[in-house]
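Below is one structure, written out as structure tokens; the observations come after it.
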Amino acid sequence: MSDTSAKRLAGQVALITGASSGIGLGVALAMGAAGASVVVNYRSDAAAAQQVVEQIRRGGSQAVAIEADVSKEDEVQAMFRQAKEHFGTVHILVSNSGIQQDAPLIDMTLEQWQQVIDVNLTGQFLCAREAAREFIRRGIEPRLSKAAGKIICMSSVHETIPWAGHANYAASKGGLMLLMKSMAQELAHYKIRVNSIAPGAIKTPINQEAWETPEAADRLLKLIPYGRIGETEDIGKVAVWLASDEADYVHGTTLYVDGGMTLYPGFIGNG
Ligand code: NAD
């Protein structure tokens with residue numbers, strides 16, 4: 001029987017990157033509520049990360065904050081070393097860190113291009129590589145999970161929807177789609193499950209200007225057939241399910257959690 005209990009991730013360690021805000025914060029809280037011990041990675045906001053740690057602890061799970069820039073190889077390796085020193089191992093990676101540096105193509109600087117690729121794509125490679133090394137070293141612990149480890153990449157609807165004015169971001173997420181699938185193909189025989197979550201519009205600091213005024217929210221809602229902007233909890237619940245054995249046969253796929261944003265809503269009543 002699959003475990004559908006509230007604490008279905010008890011005994012497992014989940015490392016969430018970019019967990020001091022937004023979706024990463026929501027995922028970290030959901031993982032903690034599901035019984036996982038949580039590594040709250042942050043890049044610069046130590047105080048915010050510590051608050052997340054304390055909230056998870058108040059809920060009865062363990063947590064620790066670890067600083068690292070996911071685009072730096074030595075920092076990612078140090079983060080995994082610290083996580084293993086603290087909790088012994090890692091079972092779940094939610095590679096969530098991401099940035100936008102928006103500009104029309106003809107004005108985009110190489111720095112804007114490079115920063116987004118470094119965090120959103122190279123960061124995914126570096127974190128997944130360290131996670132896979134640890135999952136393979138440790139192997140399956142049958143009392144905890146059928147899989148040796150789970151990698152969940154935070155992608156975006158823009159892994160498939162082109163996005164004018166955001167070519168660097170869309171390229172990073174499109175690249176992430178084939179990185180995820182290639183890793184899934186390569187790591188399956190180790191019983192490592194690899195998937196992506198592609199959020200639509202979720203209320204977080206990254207897209208605040210798109211929902212903070214009623215006019216902006218109305219414009220955004222035209223792109224969402226289901227008629228509401230997403231909350232970080234919507235993603236947290238899916239991440240917990242995807243990390244659990246309930247999703248044991250889900251491998252190499254992107255789960256769109258977008259209220260229908262990928263359904264070409266411009267065709268409603270048109271075309
Ligand atoms: P956010 O800005 O709140 O979160 C991004 C997090 O990444 C922050 O905590 C930030 O500190 C961290 N980060 C940035 N650079 C980092 C680095 N070099 N090393 C470590 N951490 C770093 O925004 P969010 O919306 O929560 O974004 C989280 C993820 O979800 C991103 O990958 C984003 O592309 C994706 N996403 C968000 C939406 C949305 O609507 N909010 C939609 C689709 C995809």
Side-chain angles (χ1 to χ4, degrees), residues 9 12-34 36-101 114-131 134 150-156 169 172-173 176 196-197 199 202-208 231-236 238-240 243:
L9 300 181
Q12 299 192 55
V13 178
L15 188 156
I16 324 297
T17 68
S20 62
S21 68
I23 291 173
L25 192 164
V27 170
L29 295 181
M31 291 283 171
S37 299
V38 184
V39 177
V40 176
N41 159 257
Y42 66 99
R43 188 198 40 186
S44 55
D45 196 343
Q50 199 50 41
Q51 276 181 17
V52 182
V53 164
E54 272 147 35
Q55 204 175 333
I56 292 169
R57 287 180 183 159
R58 279 197 298 278
S61 290
Q62 299 182 63
V64 66
I66 300 181
E67 181 181 359
D69 179 336
V70 297
S71 68
K72 305 265 166 49
E73 184 175 33
D74 55 340
E75 294 191 28
V76 170
Q77 290 179 328
M79 170 173 70
F80 274 83
R81 254 196 321 276
Q82 284 170 259
K84 284 187 277 176
E85 275 161 24
H86 198 87
F87 287 129
T89 186
V90 175
H91 302 90
I92 298 160
L93 165 68
V94 183
S95 205
N96 162 79
S97 294
I99 57 169
Q100 286 181 221
Q101 290 279 333
Q114 198 62 56
Q115 275 178 1
V116 170
I117 297 297
D118 284 351
V119 176
N120 296 13
L121 191 53
T122 306
Q124 293 277 348
F125 157 67
L126 291 171
C127 291
R129 189 184 63 177
E130 291 317 302
E134 173 58 11
K150 281 82 61 158
I151 295 173
I152 299 173
C153 306
M154 201 57 69
S155 184
S156 163
Y169 184 83
S172 73
K173 298 297 187 181
L176 175 56
S196 286
I197 296 173
I202 311 296
K203 271 186 205 162
T204 74
I206 211 173
N207 57 1
Q208 196 162 349
E231 305 288 342
T232 58
E233 292 80 6
D234 291 315
I235 307 299
V238 171
V240 166

Legend entry - Verdict with supporting geometry, V119 and R43, side-chain contact (heavy atoms from CB on, under 4.5 Å): CA-CA 11 Å; V119 176; R43 188 198 40 186; over 6 Å; no
Inset, instruction - Answer yes or no: is there a side-chain heavy-atom contact under 4.5 Å between N120 and I99? - result: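 Contact flag for N120/I99 side chains = yes.
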Legend entry - Check: V39 and H86 side chains under 4.5 Å, non-hydrogen atoms: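 A side-chain contact under 4.5 Å is absent here.
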Legend entry - Atom of A48, atom of S20 and distance for their closest heavy-atom approach: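 Answer, listing the atom of A48 first, then S20: CB-O, 3.8 Å.
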Legend entry - Nearest heavy atoms of R57 and A63, plus distance in Å: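 In terms of heavy atoms, the two residues are closest at NH2-O, 2.8 Å.
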Side chain [X], main chain [Y], donor-acceptor under 3.5 Å:
X    : Y    : answer
N207 : I202 : yes
S61  : A33  : no
S97  : G18  : yes
E67  : A46  : no

Legend entry - Partner residues of E233 under the salt bridge (Lys or Arg N to Asp or Glu O under 4.0 Å) criterion, sequence neighbours left out: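 Testing E233 for salt bridge (Lys or Arg N to Asp or Glu O under 4.0 Å), a comparison that skips the adjacent residues, returns none.
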Inset, instruction - Mind checking side chain to side chain donor-acceptor pair (under 3.5 Å) for Q100 and listing every partner two or more places apart, or none if nothing turns up? - result: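 Result, side chain to side chain donor-acceptor pair (under 3.5 Å) vs Q100: D102.
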Please tabulate, for side-chain N and O atoms in residues 72-83, each donor-acceptor pair with protein atoms closer than 3.5 Å (sequence neighbours left out).
residue, atom, partner, partner atom, Å
K72, NZ, D69, OD2, 3.3
E73, OE2, R129, NH2, 2.7
E75, OE1, D69, N, 2.8
Q77, NE2, E130, OE2, 3.3

Legend entry - side-chain contact (heavy atoms from CB on, under 4.5 Å) between T232 and L25, worked out: CA-CA 8 Å; T232 58; L25 192 164; over 6 Å; no
Inset, instruction - Run through V64, V70, I16 and flag the one making a side-chain contact (heavy atoms from CB on, under 4.5 Å) with N41. - result: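 The side-chain contact (heavy atoms from CB on, under 4.5 Å) with N41 is passed solely by V70 among V64, V70, I16.
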Inset, instruction - May I have the step-by-step check of side-chain contact (heavy atoms from CB on, under 4.5 Å) for L93 and E134, ending in yes or no? - result: CA-CA 11 Å; L93 165 68; E134 173 58 11; over 6 Å; no
